[in-house]
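Data block below; observations after.
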Amino acid sequence: MISNKKRLIGLTLADLKAVVTVLGMPAFTAKQIAQWLYVKRVTDIDEMTNLSKSNRQRLSEEYQVGCMPPVDCQRSKDGTVKYLFPVIGNDLNADSNRYVETVFIPDHDRATICVSCQVGCKMNCLFCQTGKQGWQGDLTTADILNQIHALPEAGQLTNIVFMGQGEPMDNIDAVLRATDIMTADWGWAWSPKRITVSSVGVRGKLKRYLDESPCHIAISMHSPIHEQRMRLMPAEKAMPIQETVDLLRQYDFTHQRRCSFEYICFGGLNDTPTYAREIARLLQGLECRVNLIRFHEIPGVDLPASDEKRMEALRDYLTHHGITTTIRASRGQDIFAACGLLSTAKKIKEEITTK
């Protein structure tokens with residue numbers, strides 16, 4: 001599976017034009033390759049049948065599609081599927097003991113994939129299992145797209161969310177390239193309104209994303225109060241939630257682009273009327289929605305989960321005050337695929353031990 005060839009998946013049309021130029025192939029070949037990669041989703045250069053045999057041979061001497069299938073999967077009783085993908089990078093020239101988890105979530109007429117953008121995460125949020133893993137590196141655009149390209153259910157997908165392992169703004173270059181390929185007419189041609197990228201809020205990089213990408217944004221809030229959010233999320237120190245909201249107010253979310261806030265509810269800690277009032281005050285006048293999320297316990301973290309009654313009261317208060325609020329259904333908890341539970345630390349340790 002591993003070779004000294006470079007991966008085609010993850011290359012933009014401009015990249016492909018540079019490739020065919022270097023290889024002495026006609027300029028129009030770049031668009032043909034893009035179509036085979038991103039429209040027809042081939043896994044082998046020999047499948048690119050409208051390229052001449054000599055051009056296919058020339059291309060395959062240095063490149064391969066680079067589609068890497070998942071090495072493991074777990075199926076939840078609710079239909080959610082969690083896949084384990086190897087992380088390779090752009091050059092298929094070395095073995096790797098790095099992996100990421102990707103979650104496929106079917107739900108009636110919707111089918112969502114939750115993709116990862118880093119191995120582990122630097123943000124170290126108190127309530128997140130990925131943060132306990134630490135950070136082992138950024139995913140390349142190739143490895144981000146491979147989670148979708150090699151997904152067995154790829155043809156069923158209706159939505160993509162960057163809510164898996166890692167902080168997307170901490171790997172902004174690869175994430176923007178990936179969303180460009182997803183939405184480009186020469187790429188997957190997805191509507192930007194089918195793609196949501198999450199963030200805790202990273203100074204400078206969140207603004208860049210808002211300026212350069214038409215896709216939705218989801219902010220991990222979890223507390224509207226600075227001191228408490230800082231205890232839950234160290235990133236609050238570098239970019240407070242108030243500063244994040246002030247930045248969002250500079251953008252138009254009244255049309256197709258959507259802004260949302262993710263809010264994990266902890267019993268008696270951030271789900272009381274006081275917090276409801278603070279959320280409403282913070283978001284007043286901003287076109288947005290709030291998604292309330294059940295807390296899923298992780299080892300070594302002493303945080304209580306909110307109950308249904310408290311979550312419903314919080315939802316009803318915010319909705320009454322003009323903020324569309326929903327309670328997100330928990331999916332895949334039995335296979336550790338639910339929000340905050342993704343981690344490949346155990347798999348990495350197993351690989352190191354067996355080598």
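If you're wondering where the values come from, they're calculated on a predicted model, not measured in any experiment.
For residues 218-231, the salt bridge (Lys or Arg N to Asp or Glu O under 4.0 Å) pairs, not counting sequence neighbours, are Arg229-Glu236. Contacts classified as ring-ring contact (aromatic ring centres under 6.0 Å, His included) and involving residues 233-265 (residues at least two apart or in different chains) are not found. Residue pairs meeting the salt bridge (Lys or Arg N to Asp or Glu O under 4.0 Å) criterion with at least one member in residues 248-269, sequence neighbours excluded, are Glu262-Arg328. Each side chain to side chain donor-acceptor pair (under 3.5 Å) pair with one or both residues in residues 31-46, not counting sequence neighbours, appears once here: Trp36-Asn50, Thr43-Glu47. Pairs engaging residues 9-18 under the side chain to side chain donor-acceptor pair (under 3.5 Å) rule: Thr12-Asp15, Asp15-Arg177 [sequence neighbours left out]. Among pairs with a residue in residues 213-225, those fulfilling side chain to side chain donor-acceptor pair (under 3.5 Å) read Ser223-Gln228, at least two apart in sequence or across chains.
Glu287 meets the salt bridge (Lys or Arg N to Asp or Glu O under 4.0 Å) test with no other residue; sequence neighbours excluded. Not a single salt bridge (Lys or Arg N to Asp or Glu O under 4.0 Å) links Asp316 to another residue, sequence neighbours left out. Residues that satisfy the ring-ring contact (aromatic ring centres under 6.0 Å, His included) test with His320, not counting sequence neighbours, are absent from this structure. Every salt bridge (Lys or Arg N to Asp or Glu O under 4.0 Å) that Glu243 has, sequence neighbours left out, goes to Arg203. For Asp185, there are no salt bridge (Lys or Arg N to Asp or Glu O under 4.0 Å) partners at least two apart in sequence or on another chain.
Atom-to-atom distance recorded for Phe295:CZ and Leu303:CG is 5.0 Å, nearest 0.5 angstrom. Rounded to the nearest 0.5 Å, atoms CG (Leu37) and CH2 (Trp188) are 10.0 Å apart. For the atom pair Leu282 CG and Ile225 CD1, the distance stands at 10.0 Å (nearest 0.5 Å). The distance from the NZ atom of Lys205 to the OG atom of Ser199 is 10.5 Å, given to the nearest 0.5 Å. Note: Cys288 SG to Leu283 CG = 4.5 Å, rounded to the nearest 0.5 Å. Separating the CG atom in Leu23 from the OG1 atom in Thr29 is a distance of 10.0 Å, to the nearest 0.5 Å.
Closest heavy-atom contact between Thr325 and Arg315: O-CG, 3.4 Å. Considering every non-hydrogen atom in both Asn171 and Cys117, the closest pair reads ND2-O, 2.9 Å. For Leu145 against Ile181, the heavy-atom pair with the smallest separation is CD1-CD1, 3.7 Å. Here the closest non-hydrogen pair linking Thr244 and Gly201 is OG1-CA, 4.2 Å. Considering every non-hydrogen atom in both Leu8 and Ile33, the closest pair reads CD1-CG2, 4.4 Å. Contact detail for Asp143 and Gly89: the closest heavy-atom pair is OD2-N, 2.7 Å.
A 4.5 Å side-chain heavy-atom check between Thr112 and Asp107 finds every atom pair outside the cut-off. Using a 4.5 Å heavy-atom cutoff, the side chains of Ile241 and Ile219 are in contact. A heavy-atom distance below 4.5 Å is found between the side chains of Arg7 and Ile88. Between Leu248 and Leu210 there is a side-chain heavy-atom pair separated by less than 4.5 Å. Proximity of Val175 to Met169: side-chain heavy atoms (C-beta onward) are nowhere separated by under 4.5 Å. Taking 4.5 Å as the limit, every side-chain heavy atom of Ile9 sits out of range of all side-chain heavy atoms of Cys67. The closest side-chain heavy-atom distance from Leu206 to Ile217 is below 4.5 Å. Residues Thr80 and Val103 form a side-chain contact, since some pair of their non-hydrogen atoms from C-beta on lies under 4.5 Å apart.
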Open item on the list: I'd like to know whether Val65 forms a side-chain contact (heavy atoms from CB on, under 4.5 Å) with Met48, so could you lay out the CA-CA distance, the side-chain angles of the two residues, the decisive distance to 0.1 Å, and finally the verdict.
Closed with: CA-CA 11 Å; Val65 171; Met48 302 180 182; 4.2 Å; yes
TODO: Please test Leu139 against Gln147 for side-chain contact (heavy atoms from CB on, under 4.5 Å), starting from the C-alpha separation and ending with a verdict.
DONE: CA-CA 11 Å; Leu139 266 62; Gln147 296 169 71; 3.4 Å; yes
TODO: Could you give me the CA-CA distance, side-chain angles and deciding distance for Asn55 and Leu59, then say whether side-chain contact (heavy atoms from CB on, under 4.5 Å) is met?
DONE: CA-CA 6 Å; Asn55 281 338; Leu59 186 62; over 6 Å; no
- [ ] Evaluate the side-chain contact (heavy atoms from CB on, under 4.5 Å) criterion for residues Arg58 and Val20: first the C-alpha distance (whole Å), next the side-chain angles of each, then the deciding distance (0.1 Å), finally the verdict.
- [x] CA-CA 10 Å; Arg58 199 172 307 164; Val20 301; over 6 Å; no
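A donor atom on one side chain and an acceptor atom on the other are not found under 3.5 Å apart for Tyr99 and Gln165. Judged by distance alone, the side chains of Gln242 and Asp246 do bring a donor and an acceptor atom under 3.5 Å apart.
A donor-acceptor contact shorter than 3.5 Å links the side chain of Ser198 to the backbone of Phe162. Between the side chain of Asn146 and the backbone N or O of His149, no donor-acceptor pair lies under 3.5 Å. When atom types are taken as modelled, the side chain of Arg194 and the backbone of Thr158 share a donor-acceptor pair closer than 3.5 angstrom. Ser116 places no side-chain N or O within donor-acceptor distance of the main-chain N or O of Thr102, the cut-off being under 3.5 Å. Looking at Arg56, its side chain does come within 3.5 Å of a backbone N or O of Leu51 through a donor-acceptor pair. Counting only distance, with no hydrogens or angles, the side chain of Asn270 and the backbone of Tyr275 share no donor-acceptor pair below 3.5 Å. A donor-acceptor pair under 3.5 Å links the side-chain atoms of Asp271 to the main chain of Gly268, judged by distance alone. In terms of modelled atom types and a separation under 3.5 Å, the side chain of Asn291 and the main chain of Thr326 share no donor-acceptor contact. The main-chain N or O of Arg289 is never found under 3.5 Å from a side-chain atom of Ser260 such that the two would form a donor-acceptor pair.
Val39 and Leu11 fall into different hydrophobic clusters, where Ile, Leu, Val, Met, Phe, Trp and Tyr are joined by side-chain heavy atoms under 4.5 Å apart, directly or via other members. Ile279 and Met230 fall into different hydrophobic clusters, where Ile, Leu, Val, Met, Phe, Trp and Tyr residues are linked whenever their side-chain heavy atoms come under 4.5 Å apart, directly or through other members. In terms of hydrophobic clustering, with Ile, Leu, Val, Met, Phe, Trp and Tyr side chains grouped at heavy-atom distances under 4.5 Å, Leu157 and Tyr83 are assigned to a common cluster. Residues Trp135 and Ile172 are members of separate hydrophobic clusters, defined by side-chain heavy-atom contacts under 4.5 angstrom among Ile, Leu, Val, Met, Phe, Trp and Tyr. Criterion: ILVMFWY side-chain heavy atoms under 4.5 Å apart, direct or through other members. Under it, Ile327 and Leu314 are part of a common hydrophobic cluster.
Taking a cutoff of 4.0 Å between a charged side-chain nitrogen and a carboxylate oxygen, Arg281 and Glu278 qualify as a salt bridge.
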Which side-chain N or O atoms in residues 118-128 pair as donor and acceptor under 3.5 Å with protein atoms at least two apart or in another chain?
residue	atom	partner	partner atom	Å
Gln118	OE1	Glu167	N	3.0
Gln118	NE2	Asp138	OD1	2.8
Gln118	NE2	Asp170	OD2	3.0

